[in-house]
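To keep things clear, I will list the structure first and then write my remarks on it.
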Amino acid sequence: MAVVIGLSRQGQKKLPFYRIVVKQKGTKRDGKFIEIVGNHNPLLNPAVSSFKEERVKHWITEGAIPSLLVSNLLEKSFPGYYKGIVAARKAKIKAKRDARKAKQGPVTKKEISAKKAIKSKPAVKKAKKKK
């Protein structure tokens, strides 16, 4: 399963602070996690977040995908490093996509219309045989 860097809520009612944790993709927000890599306090003005730099960099190079808020926090904390990682990932994905398209070859209009025709046919029910 994929690994994600996300937030886990802590604190009292109406006084939240968040742990930045590494967890598997399907787990709940406050559920099991693999490792704590930082914390974020949104109540302070400006909001304060701290990371364990080595561990965050380790997990990102291992393929962990940060959530939207965590990625914004990472961009503020490690501006050059994180943008470089994202750019490298996007280039890798684009290269794979281009290779797949080149392998498939060009798609003809007949193939497209045949696929549409198959999808648009209604399902035919089989009649029960009488004994």
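- Considering CH2 of W59 and CD1 of I5, their distance stands at 9.0 Å, rounded to 0.5 Å.
- Checked by atom type, the side-chain pair N39/S50 shows a donor-acceptor distance below 3.5 Å.
- Cluster annotation: V22 is connected to F78 through the hydrophobic network of ILVMFWY side chains, with a link wherever side-chain heavy atoms come within less than 4.5 Å.
- How far OG of S77 is from CD1 of I20: 7.5 Å, rounded to the nearest 0.5 Å.
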For this session: Decide yes or no on side-chain contact (heavy atoms from CB on, under 4.5 Å) for T27 and F33, but give the supporting numbers first.
Result: CA-CA 8 Å; T27 59; F33 56 86; over 6 Å; no
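- Note that the CD atom of Q10 and the NE2 atom of H40 stand 13.5 Å from one another [nearest 0.5 Å].
- No option in L7, D30, I36 other than I36 meets the side-chain contact (heavy atoms from CB on, under 4.5 Å) test with R19.
- The minimum heavy-atom distance between S67 and G6, with the atom names listed, is OG-CA, 4.0 Å.
- The number of heavy-atom neighbours closer than 6.0 Å to CZ of R97, taken from other residues, nucleotides and ligands shown, is 12 or below.
- Taking each heavy atom of V37 and R55 in turn, the nearest pair found is CG1-CB, 3.9 Å.
- S71 approaches P66 most closely through the heavy-atom pair N-CB, 4.0 Å.
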Problem set entry | From CA spacing to verdict: side-chain contact (heavy atoms from CB on, under 4.5 Å), N41, Y18 | CA-CA 6 Å; N41 190 348; Y18 297 90; over 6 Å; no
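- Between K23 and R29 the shortest heavy-atom distance is NZ-O, 3.4 Å.
- Linking ILVMFWY side-chain heavy atoms closer than 4.5 Å, directly or via other members, places V70 and I34 in a single hydrophobic cluster.
- Hydrophobic clustering of Ile, Leu, Val, Met, Phe, Trp and Tyr side chains at less than 4.5 Å, counting indirect connections, unites L69 with V56.
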